[in-house]
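Remember, predicted model here, so these are calculated numbers, not experimental data. Note on naming: letters A, B, ... go to the chains in the order of the sequence lines (proteins, then strands), and numbering restarts at 1 for each one.
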Protein chains: 2
Amino acid sequence: MTEARPLTISDLAARTGLRPDTVRYYERVGLMPEPRRTSGDHRRYDDLAVDRLQFIRGAQRLGLRLHDIRDLLAVRDTGECPCEPAEPLLRSRIAEIDAELDRLQHLRADLVAMADQLPSATCPDPVPGTWCPPDHRVTEGRCDACSI
Amino acid sequence: MTEARPLTISDLAARTGLRPDTVRYYERVGLMPEPRRTSGDHRRYDDLAVDRLQFIRGAQRLGLRLHDIRDLLAVRDTGECPCEPAEPLLRSRIAEIDAELDRLQHLRADLVAMADQLPSATCPDPVPGTWCPPDHRVTEGRCDACSI
DNA sequence: CTAGAACCCGGAGCCGACTCCAGGGTCAAG
DNA sequence: CTTGACCCTGGAGTCGGCTCCGGGTTCTAG
């Protein structure tokens, strides 16, 4: 069977697409438990560690923060399914993402409007002056109300 | 005329919705030129400084980074309209935003799928195991391929 | 003239998630 | 046993954009 043979930290890292430093970092911040060590103080891991790191990666892919992932892991460690506490977490991340999408869509629209009018209108009179977002009207090469 | 009477750093900050610390910070990083000083070494500003900070705020509103804004200001300082160099900058920011929107939309879809299936399926067997993104099929409470 | 608000400066701290470093020690293949 | 790849630690650095601090100085209204 493919049991036993313990993994070094870089074996583990390689299997999970991380770097050894990152694994040590996860240990420091409490995502990974302290592993057993060789007599020479080198970390040795088993497949549970691989599983745990994959859980972390999966949760990260879902846009969760290490802070939240730590909480889910704590639940998981009790032997319970982390789904129950995960759902509100996911819902609130969705809300955050919606807010960010909204912000970016508005921003994008502003940028496009700005970029489109740039080559033509605003530039007749190369004078140092205010250069404004597109929702501020420009009169005679100058911005009316650039109070933001 | 509303000329002359020079502004202290907090006057300037108040007029532009910033804090004095922020203005000093902008000076440190090269966005604002060194202003003149009183004999006691206090900064004194004029309306050009207000204009400049408004330009900075406007460009920030468009999602430009201080680094880029500094470049635009450098052009503006030559007396030229910063539009010419601004356009490619804006276009590349738009591309970045598109990439980010894309990422967030995928992420959102994954989160929703995950959150929707949480209360039901995945949880029949509260065993510590892998908990995976929704595009990885789950068989008998376990994930087939959770290699990211 | 005096009180108290505002200013000065350099540097540190914050957020998140790493990443890298130096200066050692250890492991395993040959 | 040697060699070279790997590992250890604690701490610092990175990115961006501020924000705050302490200890000292200056400005200004009354």
Side-chain angles (χ1 to χ4, degrees), chain A residues 4-32 34-45 49 53 55-73 89 93 96-97 100 103-104 107 148, chain B residues 5-32 34-45 49 53 55-73 89 93 96-97 100 103 107 148:
Chain A
R5 188 154 77 291
L7 305 166
T8 67
I9 194 167
S10 33
D11 293 338
L12 175 62
R15 283 211 195 177
T16 50
L18 299 169
R19 299 190 191 196
D21 268 342
T22 307
V23 176
R24 279 187 285 258
Y25 169 69
Y26 285 171
E27 185 182 323
R28 264 201 299 234
V29 298
L31 291 167
M32 295 296 286
E34 300 205 358
R36 61 201 167 82
R37 304 272 190 146
T38 65
S39 55
D41 219 26
H42 286 200
R43 291 170 178 82
R44 284 297 118 99
Y45 297 93
L53 284 177
F55 180 95
I56 294 170
R57 293 277 271 164
Q60 254 188 327
R61 254 177 54 91
L62 289 174
L64 299 183
R65 286 171 283 238
L66 295 187
H67 175 84
D68 295 327
I69 297 172
R70 187 170 47 201
D71 296 345
L72 293 181
L73 282 165
L89 217 57
R93 285 295 288 145
E96 285 174 33
I97 287 169
E100 181 66 5
R103 198 185 69 83
L104 286 179
L107 184 54
I148 284 267
Chain B
R5 189 156 74 287
L7 305 166
T8 67
I9 193 166
S10 33
D11 292 339
L12 176 61
R15 284 211 193 178
T16 50
L18 298 170
R19 299 189 190 198
D21 268 342
T22 307
V23 177
R24 278 188 283 259
Y25 169 70
Y26 286 171
E27 185 181 323
R28 265 201 297 231
V29 298
L31 290 167
M32 295 296 287
E34 299 206 358
R36 61 202 164 81
R37 307 271 188 144
T38 65
S39 55
D41 218 26
H42 286 199
R43 291 169 178 81
R44 285 296 119 99
Y45 296 93
L53 284 177
F55 179 95
I56 293 171
R57 294 276 273 163
Q60 255 187 327
R61 253 177 54 92
L62 290 175
L64 299 183
R65 286 172 282 240
L66 295 187
H67 174 85
D68 293 329
I69 297 173
R70 187 170 47 200
D71 295 346
L72 293 180
L73 283 165
L89 218 55
R93 285 295 290 144
E96 284 174 34
I97 288 169
E100 181 67 4
R103 195 184 72 80
L107 184 54
I148 287 278

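- Contact annotation: A/Thr38 does not reach the phosphate of D/dC7 (side-chain N/O to OP1 or OP2, under 4.0 Å).
- One can place CZ of A/Arg70 at 10 Å from P of C/dG16, the figure rounded to the nearest angstrom.
- Taking atom CG of B/Leu66 as the reference point, atom P of D/dT19 lies 12 Å away to the nearest angstrom.
- The separation between B/His67 atom NE2 and D/dC15 atom P is 11 Å, rounded to whole Å.
- Computed from coordinates, the B/Ile69 CD1 to D/dG17 C1' distance equals 11 Å when rounded to whole Å.
- One can place CG of B/Asp21 at 16 Å from P of C/dG13, the figure rounded to the nearest angstrom.
- Between A/Arg24 and A/Glu27 there is no salt bridge, since no side-chain N of the basic residue sits under 4.0 Å from a carboxylate O of the acidic one.
- Rounded to an integer number of Å, the gap from A/Ile56 CD1 to C/dC18 C1' is 14 Å.
- Summarising the geometry of A/Leu31 relative to A/Leu73, their closest heavy-atom pair is O-CD1, 3.7 Å, with the distance given to 0.1 Å.
- With D/dC18, C/dC8, D/dC7 as the candidates, the nucleotide lying closest to the side chain of A/Pro20 is D/dC7.
- For the OP1/OP2 pair of C/dC27 and a distance below 4.0 Å, the side-chain nitrogens and oxygens of A/Thr8 include no atom meeting the criterion.
- OP1 or OP2 of D/dC8 has at least one side-chain nitrogen or oxygen of A/Arg43 nearer than 4.0 Å.
- Nearest-nucleotide positions on DNA chain D place A/His42 closer to the 5' end than the other of A/His42 and B/Tyr25.
- One interatomic measurement links the two molecules: CZ of A/Arg5 to P of C/dA28, which rounds to 12 Å at whole-angstrom precision.
- B/Asp41 comes within contact range of the sugar-phosphate backbone alone, with a heavy-atom separation under 4.0 Å but no base atom that close.
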Would B/Leu66 and B/Arg70 count as a side chain to side chain contact (heavy atoms under 4.5 Å, CB included) here? Give the steps.
CA-CA 6 Å; B/Leu66 295 187; B/Arg70 187 170 47 200; over 6 Å; no

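- Between the CD atom of B/Glu27 and the P atom of D/dT19 there is a distance of 17 Å, given to the nearest Å.
- Residue contacts shown for A/Gln60 are limited to sugar-phosphate atoms, with no base heavy atom under 4.0 Å away.
- Nucleotides of DNA chain D nearest to A/Arg24 and B/Ser39 differ in position, and the one nearer the 5' end is that of A/Arg24.
- A distance of 11.0 Å separates CD in B/Glu100 from CG in A/Leu107, rounded to the nearest 0.5 Å.
- Checking side-chain atoms of A/Ser10 against main-chain N and O of A/Ala13 turns up no donor-acceptor pair under 3.5 Å.
- Ranked by how close their nearest DNA chain C nucleotide is to the 5' end, A/Gly40 and A/Arg28 are led by A/Arg28.
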